[in-house]
Amino acid sequence: MTAGAAQQHRANGSLRHLLTLEGLPRSDIERLLERAQGFVRALGTKPPISSALEGVTVANLFTEPSTRTRVSFELAAKRLGADVVNLEVQLSSRVKGESMLDTVFTLQSLHVDVMVIRDPEAGVPELVAANVAPHVSVLSAGEAHVSHPTQGLLDALTVRQQKKQFDRLSIAIVGDIRHSRVARSAFHVFRTLGVQDLRIVAPEPLMPGAGEFAGCSRHKTLESGVEGVDVVMMLRIQKERMGQVDLPDADRYFAMYGLTPERLKLARPDAIVMHPQPMNRGIEIASDVADGKQSVIRDQVRNGVAVRMAVLADVVGSRG
Ligand code: NCD
């Protein structure tokens with residue numbers, strides 16, 4: 001078990017932090033998905049509003065860019081009645097997480113109860129979780145290439161809405177798996193929920209090391225990877241996390257790994273297409289597919305708010 005996984009629960013077994021989906025029991029995942037589903041509303045209708053987090057203060061500490069994750073954490077907290085503060089922490093003013101802890105202690109003194117953290121350095125959410133007072137919860141909003149637990153949950157919720165079950169599904173995750181925290185969290189959640197046929201599809205430089213993604217089949221061509229699948233999850237190339245790697249240019253990448261309408265026909269006729277966004281149209285995905293009938297990309301965004309409401313309500317509600 002990773003340090004993060006061992007740290008997430010209180011002594012009574014309730015969920016205190018959400019740092020990783022690795023090792024998170026199936027019962028926790030299913031409870032969070034069920035709660036999140038209860039917060040989903042059709043677009044054009046009023047979002048659910050509750051006072052579950054009245055008197056609670058949530059701080060968003062993001063040291064990496066974010067659109068969907070930050071906005072949806074903020075909306076989730078507000079829709080539950082919490083006070084929210086957003087901090088754009090300057091990376092340059094921080095050395096190895098040390099001054100991050102000073103920021104965290106400051107926030108703690110200001111009565112912040114939940115810290116939502118996105119950071120490019122592995123280990124920062126765990127470091128913060130290990131140092132905060134017992135009443136404070138830490139939620140990872142994306143940790144380096146390692147983990148993005150609320151993204152994994154919203155991906156699972158989106159699949160559950162469409163497919164109703166997990167164990168008979170074939171799921172292909174395509175693109176820059178090596179540098180993707182989204183792929184790692186998807187791997188853990190789909191494995192725990194019982195998906196048998198989990199495939200990763202990438203050119204060699206973007207494949208993860210042999211010790212990771214145990215039990216997934218590895219495909220070097222998109223054609224073999226998406227053949228007969230129920231779910232195709234496309235990923236962006238994470239240039240910001242790469243050194244010098246020998247990659248085809250954008251046109252060649254699209255020619256080899258871009259999801260086009262023709263290639264999507266290799267999947268099951270009712271297959272769904274997912275992407276965590278930001279999308280590079282014309283590089284990993286054709287616009288016709290991103291905006292097409294099989295795309296659930298906008299559902300993923302909507303589900304993100306519901307999942308973050310569920311996680312916030314869960315960790316605060318079980319505080320005792
Ligand atoms: C992803 C991330 O930041 O990990 N975006 C997101 O949270 N929806 C994916 C990415 O940046 O490619």
Side-chain angles (χ1 to χ4, degrees), residues 4 18-22 36 60-77 86 88-89 91 116-125 139-159 173-190 200-203 205-206 208 212-213 231-242 245 247 250 253-254 257-259 272-285 289-290 295-309 311-312:
L18 186 64
L19 309 174
T20 178
L21 299 180
E22 185 175 6
N60 287 317
L61 279 98
F62 281 61
T63 52
E64 262 193 342
S66 174
T67 308
R68 283 150 292 272
T69 307
R70 204 195 58 70
V71 171
S72 59
F73 261 115
E74 180 172 354
L75 287 176
N86 294 311
E88 311 284 333
V89 188
L91 248 191
V116 179
I117 296 180
R118 167 170 288 199
D119 201 274
E121 198 180 306
V124 168
L139 307 179
S140 168
E143 175 190 355
H145 62 286
V146 178
S147 155
H148 195 348
T150 54
Q151 179 73 40
L153 291 172
L154 77 87
D155 288 338
L157 181 64
T158 307
V159 171
I173 309 177
V174 184
D176 185 3
I177 316 281
R178 180 191 280 266
H179 302 99
S180 176
R181 55 193 174 207
V182 175
R184 287 182 175 80
S185 286
F187 163 68
H188 293 304
V189 77
F190 290 140
I200 54 176
V201 186
L206 303 183
E212 286 193 280
F213 291 86
V231 178
V232 189
M233 181 187 284
M234 301 305 295
L235 300 173
R236 181 177 72 89
I237 298 181
Q238 316 256 308
K239 289 223 175 69
E240 69 277 22
R241 297 208 186 97
M242 278 178 202
V245 289
L247 270 186
Y253 186 86
F254 185 67
Y257 291 97
L259 189 63
I272 56 170
V273 176
M274 302 173 67
H275 194 305
Q277 304 196 70
M279 267 186 284
N280 293 308
R281 292 166 181 260
I283 299 182
E284 73 266 9
I285 190 164
V289 174
S295 169
V296 293
I297 295 170
R298 293 183 196 161
D299 292 357
Q300 288 174 269
V301 181
R302 181 201 56 188
N303 288 334
V305 184
V307 156
R308 289 162 185 134
M309 288 177 80
V311 172
L312 283 164

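Order of appearance sets the numbers: ligands from 1, and atoms from 1 within every ligand. We use all heavy atoms of the structure for the numbers below, so side chains are in, but hydrogens, waters and symmetry mates are not.
- Under 4.0 angstrom from ligand 1, the non-hydrogen atoms of Arg118 all belong to its side chain.
- Listed by number with element, the atoms of ligand 1 under 4.0 Å from a non-hydrogen atom of Val182 are 1 (C), 4 (O), 9 (C).
- In this structure, Arg118 fails the cation-pi test against Phe62, since its NZ or CZ atom is not both closer than 6.0 Å to the six-membered ring centre and inside 45 degrees of the ring normal.
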Apply side-chain contact (heavy atoms from CB on, under 4.5 Å) to Leu139 and Val311, showing your working.
-> CA-CA 9 Å; Leu139 307 179; Val311 172; 3.8 Å; yes
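- No part of Leu235 comes within 4.0 Å of ligand 1, judged by heavy-atom distances.
- At the shortest separation from atom 5 (N) of ligand 1 among protein heavy atoms lies Gln277 O, 3.0 Å.
- Protein heavy atom nearest atom 4 (O) of ligand 1, with residue, atom name and distance: Arg181 NE, 2.7 Å.
- Near Gln238, the atoms of ligand 1 lying under 4.0 angstrom from a non-hydrogen atom of the residue are 10 (C), 11 (O), 12 (O).
- Contact record, Pro276 with Gln151: CB-NE2, 3.5 Å, taken as the closest heavy-atom pair.
- Near Thr69, with a cut-off below 4.0 Å to any heavy atom, the atoms of ligand 1 are 6 (C), 7 (O).
- Closest to atom 11 (O) of ligand 1, if we only count protein heavy atoms, is Arg236 NH2, 2.9 Å.
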Check the pair Asn303, Thr158 against side-chain hydrogen bond (donor to acceptor under 3.5 Å, both in side chains), reporting the backbone distance first and the verdict last.
-> CA-CA 7 Å; Asn303 288 334; Thr158 307; 3.0 Å; yes
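- In this structure, the side chain of Ser147 engages the main chain of Leu19 through a donor-acceptor pair within 3.5 Å.
- To the nearest 0.5 Å, atom CZ of residue Arg184 and atom CZ of residue Arg178 are 8.5 Å apart.
- Those atoms of ligand 1 that come under 4.0 Å of a heavy atom in Pro278, given as number and element, are 10 (C), 11 (O).
- The protein heavy atom nearest to atom 8 (N) of ligand 1 is Pro276 O, 3.0 Å.
- Atom CZ of Arg298 has 12 or fewer neighbouring heavy atoms from other residues, nucleotides or ligands inside a 6.0 Å radius.
- Between Pro278 and Glu284, the closest heavy-atom pair is O-OE2, 4.2 Å.
- Near His148, with a cut-off below 4.0 Å to any heavy atom, the atoms of ligand 1 are 2 (C), 4 (O), 6 (C), 7 (O).
- Taking every non-hydrogen atom of Gln151 and a distance limit under 4.0 Å, the qualifying atoms of ligand 1 come out as 6 (C), 7 (O), 8 (N).
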